[in-house]
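First the structure, in the form of structure tokens, and then the observations on it.
Everything quoted here is computed from the prediction, not taken from an experiment. Below, chains carry the letters A, B, ... as their sequence lines are ordered, and counting in each starts from 1.
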There are 2 protein chains.
Amino acid sequence: MDLGNALEATRANLNAEIESFFNSAPPLKNSVDISERLEKFIKINELASGNGGGRRVVCVTSGGTTVPLEQRCVRYIDNFSSGHRGATSTEYFVKAGYAVIFLYRRGTCQPYCRSLPDDPLLECFELTDESNIKVHELYSEAVKKAITEHRAAVQEGLLLKLHFTTIFEYLQILRMIALSTSNLGQNAMFYLAAAVSDFYVPWQSMAEHKIQSASGPLNMELAQVPKMLSVLRQDWAPKAFFISFKLETDSKILLQKAVSALEKYKMNMVVANELSSRKEEVVVVTSSEKISVRRNKDRGFEDVENPLVQLLVERHSAYIESSDL
Amino acid sequence: MDLGNALEATRANLNAEIESFFNSAPPLKNSVDISERLEKFIKINELASGNGGGRRVVCVTSGGTTVPLEQRCVRYIDNFSSGHRGATSTEYFVKAGYAVIFLYRRGTCQPYCRSLPDDPLLECFELTDESNIKVHELYSEAVKKAITEHRAAVQEGLLLKLHFTTIFEYLQILRMIALSTSNLGQNAMFYLAAAVSDFYVPWQSMAEHKIQSASGPLNMELAQVPKMLSVLRQDWAPKAFFISFKLETDSKILLQKAVSALEKYKMNMVVANELSSRKEEVVVVTSSEKISVRRNKDRGFEDVENPLVQLLVERHSAYIESSDL
């Protein structure tokens, strides 16, 4: 078998794995509603005038996916992610004139709400003597800003929020989004900041009922989630600009893993971040560069996502121009 | 070895397991702060006059615990629970004159907020023309009620909220609460509605870094969490009134498992609920009865927690009276 045939065989293998993943997944609830909202959102932004025909659209994924261990789900494996990176980046993309499809894990951090406490309703409000509701002075600015900016983004058609919980929902919705952006061509960007499970229990081999604890230690064998990134890149949205993320706790292997993801999945850029320093610095890896992006501490509470999104927007512009030639 | 010796050996075994669990757990953050708030709360309610010396105090646990799979935690196993049962019951206990220690999983349902949407701040408020914040008419009553009743409960010293995420935090805080209620004697109640992990990875045997996905399927061996319930019951709060919960997806084994938990852990009552019907009906199992408790549909949106808490309060009263004799 020569190299061409070998590659084709691997490809066919992967496609079969992916097909079987989707076939065995529980059907997506509200898929009609999601598809209608998506279509409407894309339409508005195709017609809106950006810099040269149509507004740019970025799909920001955010938060972690879960893997159910039982069909009637009581237990699941979860990937930790507060969703802070995705929520913050969404704000900067909107500021830069992008329309954002924010695909987020239910319950994680929301755009424009980052500086609010966990339970804003119970912690930010109080009653006046006339038993009206009033915002605490401490939070007054933050609450007003959150509501105003969120509302503006939604009303101007710059923000569509879709949520997921399981790995099945995440990949099903991501595929719908990717396919719906085909008319946007190079104007579409994927900014894949979600923490996606690597392992799962195939639906058919899952316990129907709750796993019982009486019988000693629990042994689990988890299968690998098929590497959807290459299909997303090559088949679902072949013209879009792709940024993926690599998170590691071990800095020694981080850059090498980012480079290998860039090559393997043909990403345009990979953002490498280490768990402990990820709010201070990230390294953006491209085929020819490793660019360190740090938040500017002289600017007080600047987010690292501010210079990061600026860099990505510039590179996206260059990508669009180069393909116009 | 006779039966007495055998029991003693089992007991010694369990104690050793529990000691090793706590010794190997990562130290609890904010433990000083938690302990101070707890002490103050118990003191207030010891001094408050209830029906015959001191107010009754119930510890309501709510939501699911997580089990980290890696020391620098990226992945974990989670137990699903919205926290709806615990939050709702808390409201009814406060109404019945109890002081509630609400030990909840961060991010789950909060008392007085059940009828609000996921993101109350973004969904319940709008801006007026003078760019002030205003509650949508649709949510006006619900928002006002949530803020007023929550504030009243906290200010009257009837509600203390403490949160956990991991199984380690949950059990560490639960032990602190149990030990702090010793002066309350029979006036203390434990209402254990949290979904607690049965399996965990001991901290020492946990991977330090993120588990890599390159090397094929993942095999995991999880150890059983030591059965803390019997120690809680017999050593940490021996005089308190204990209610535990049994949730199963398979109704065929549910009652039998509830009865066996009642006997094994010497609970006063076990609430048996089946996943699919748990908002409509539960069965309360005692040593002599199986009492079906249903929500009254004639009363519109009555919660099943309303008659359930009523029943528990009556039985708690009987328990206190009988031990006064």
Exercise: identify the closest heavy-atom pair between B:Leu122 and A:Arg151: O-NH2, 3.9 Å
Spacing of CG belonging to A:Leu121 relative to CD belonging to B:Gln110, to within rounding of 0.5 Å: 11.0 Å
Contact class of A:Val143 relative to chain B, heavy atoms under 4.5 angstrom: both
Geometric class of the B:Tyr76/A:Phe80 ring pair [parallel <30°, tilted 30-60°, perpendicular >60°]: tilted
Residue part contacting chain B, namely of A:Cys124, when any heavy atom lies under 4.5 Å: neither
Heavy-atom pairs under 4.5 Å with chain B, option from A:Val225, A:Val67, A:Ile147 with the top count: A:Ile147
A:Asn79 CG to B:Asp78 CG distance, which is reported to the nearest 0.5 Å: 11.5 Å
Residues, nucleotides or ligands: over 12 heavy atoms within 6.0 Å of A:Glu123 CD: yes
Exceeds 12 heavy-atom contacts within 6.0 angstrom, atom CD of A:Glu280: yes
